[in-house]
Amino acid sequence: MKKKRILLKVGSNTLTKETDNISRGKIEDMANQIAKLQESCEFIIVSSGAIAVAKQFVKLESKRKEIFVKQALASIGQPHLIRIYQEIFREYGLLSSQCLLSYSDFEKKESRTNIMNTINVLVNNNYIPIINENDTVATDEIKFGDNDKLGALTASLLNVDLFIIATNTNGIYTKTSMENGTPKTIETVLDFDELRQQVVNSKSSHGSGGMQSKIEAASVTKKANIETWIVNGLEDDFIINAFEDKVPFTKIK
């Protein structure tokens, strides 16, 4: 049986459970679900969180622009982030690896092919690639939105079966319901332009994304004919519950 290939994108808000610290419990929750699903699914993870990890134990002094401080924090936090993933995943019998990518990699045919070949080798050998942007050299991601676009570009390049964006809401809410203060999830999206009308601009507390960047990401995967799910990653078992339709989330077909 061919496994379903899933690209899971996890933002800082999900990984910290909206606190100031990376939540080991959340990474355990992800590992537990991936372990349960490994007979039928193979996973590639795009994970933010390097800056959030570094902020836990370091305060950098600098008179330089904030972007340089963020890049320095990312450089301190990234090895710690991967170490936490590797420790926890190992407890669940899962192997993981680190891949650092930057946007310019997607612009060159040769690098695109290299990314694809490397990740395929990893996945075929049961390694879960954990991808983050190479923040020390790149400035786009820190400015452009919490890895959503990186996730979408990677999903398209690897031609995955499903792109799941874990966020801190039950998917995308209708504009009216947001204005009334009673958020109601848009469950299925067939008309993309209509969806754009619904978006209320709100940035997430740790991340740099917000709904706008999720919709931009989904427009990238839609062009590649990949279905995107926007799921509440703060809940336990969020992937399994979405598969079993037990929770409200948004499907963009």
Side-chain angles (χ1 to χ4, degrees), residues 7-28 30 44-89 96-108 111 115 128-155 165-169 199-217 220 230 233-234:
L7 191 132
L8 171 64
K9 183 265 161 180
V10 195
S12 314
N13 260 346
T14 303
L15 279 181
T16 57
K17 284 187 144 180
E18 300 190 305
T19 64
D20 288 332
N21 296 322
I22 288 287
S23 159
R24 293 183 79 96
K26 180 42 66 186
I27 296 180
E28 281 171 10
M30 285 157 54
I44 296 146
I45 296 174
V46 168
S47 174
S48 307
I51 294 173
V53 176
K55 280 182 178 167
Q56 285 175 218
F57 48 85
V58 104
K59 192 162 176 14
L60 291 186
E61 297 302 322
S62 174
K63 300 200 166 36
R64 294 184 181 276
K65 284 191 192 134
E66 194 195 5
I67 190 93
F68 297 126
V69 176
K70 279 190 166 174
Q71 286 178 301
L73 282 170
S75 155
I76 295 166
Q78 182 65 29
H80 286 282
L81 178 67
I82 286 294
R83 198 191 69 238
I84 297 168
Y85 266 111
Q86 287 195 311
E87 280 171 7
I88 292 172
F89 275 33
S96 51
S97 68
Q98 164 179 274
C99 301
L100 294 177
L101 303 178
S102 50
Y103 276 123
S104 55
D105 296 332
F106 288 91
E107 283 157 15
K108 299 193 273 291
S111 355
I115 296 169
I128 297 166
I130 295 170
I131 299 168
N132 198 355
E133 208 207 357
N134 193 353
D135 283 329
T136 29
V137 294
T139 52
D140 295 349
E141 192 54 51
I142 292 177
K143 291 202 297 254
F144 282 139
D146 206 27
N147 270 342
D148 294 321
K149 190 174 166 196
L150 185 69
L153 288 169
T154 311
I165 301 179
T167 183
N168 55 347
T169 58
V199 174
V200 182
N201 240 335
S202 61
K203 282 270 197 275
S204 48
S205 52
H206 272 287
S208 41
M211 259 324 141
Q212 190 62 48
S213 78
K214 309 225 172 338
I215 298 216
E216 293 310 322
V220 172
I230 299 177
L234 298 176

message = Check for me whether Lys149 meets the cation-pi criterion with Tyr103, that is, NZ or CZ under 6.0 Å from the six-membered ring centre and within 45 degrees of the ring axis.
response =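 Because its charged atom sits under 6.0 Å from the ring centre and within 45° of the axis, Lys149 does stack over Tyr103.
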
To check you understand the geometry: which heavy-atom pair defines the closest contact between [X] and [Y], and what is its length?
X	Y	result
Asn132	Ser47	CG-O, 3.1 Å
Gly151	Leu7	O-CD2, 3.6 Å
Gly49	Ile22	O-CD1, 3.9 Å
Ala217	Ala152	O-CB, 3.3 Å
Ala50	Leu81	N-CD2, 3.8 Å
Leu8	Ala166	CD1-CB, 4.4 Å

Rounded distance [0.5 Å steps], [atom1] in [X] versus [atom2] in [Y]:
X	Y	atom1	atom2	answer
Leu15	Arg24	CG	CZ	12.5 Å
Thr14	Lys9	OG1	NZ	7.0 Å
Ile165	Asp148	CD1	CG	5.0 Å
Asn13	Ser48	CG	OG	9.5 Å
Ile115	Thr154	CD1	OG1	7.0 Å
Lys26	Ile88	NZ	CD1	11.5 Å

message = Ser23 vs Thr16, test: side-chain contact (heavy atoms from CB on, under 4.5 Å). Steps then yes/no.
response = CA-CA 5 Å; Ser23 159; Thr16 57; 5.9 Å; no

query = Looking only at side chains, do Gln98 and Gln86 share a donor and an acceptor under 3.5 Å apart?
reply =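 There is no such pair (donor and acceptor under 3.5 Å, judged by atom type) between the side chains of Gln98 and Gln86.
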
ask   = For Glu133, which of Val46, Leu100, Asn147, Asp105 qualifies under side-chain contact (heavy atoms from CB on, under 4.5 Å)?
value =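 With Glu133 as partner, Val46, Leu100, Asn147, Asp105 yield a single side-chain contact (heavy atoms from CB on, under 4.5 Å), made by Asn147.
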
message = Strictly below 4.0 Å, N to O, side chains only: are Lys55 and Asp20 in salt-bridge contact?
response =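 Answer for the salt bridge query: no.
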
Ion pair check, Glu87 and Arg83, cut-off under 4.0 Å =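 A salt bridge is present here (some side-chain N lies under 4.0 Å from a carboxylate O).
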
inquiry  = Run Thr169 and Leu234 through side-chain contact (heavy atoms from CB on, under 4.5 Å) and show every step you take.
reply    = CA-CA 8 Å; Thr169 58; Leu234 298 176; over 6 Å; no

query = Can you list the residues that meet the ring-ring contact (aromatic ring centres under 6.0 Å, His included) rule with Phe89, with sequence neighbours excluded?
reply =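 Counting only residues at least two positions away or on another chain, Phe89 forms a ring-ring contact (aromatic ring centres under 6.0 Å, His included) with Tyr85.
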
key: Ile128 side chain near Ile45 side chain, heavy-atom distance below 4.5 Å   =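 Yes. Closest side-chain heavy atoms under 4.5 Å.
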
task = Check whether any side-chain heavy atom of Ile215 lies under 4.5 Å from a side-chain heavy atom of Ile230, and answer yes or no.
result =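 No, too far: nothing below the 4.5 Å cut-off.
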
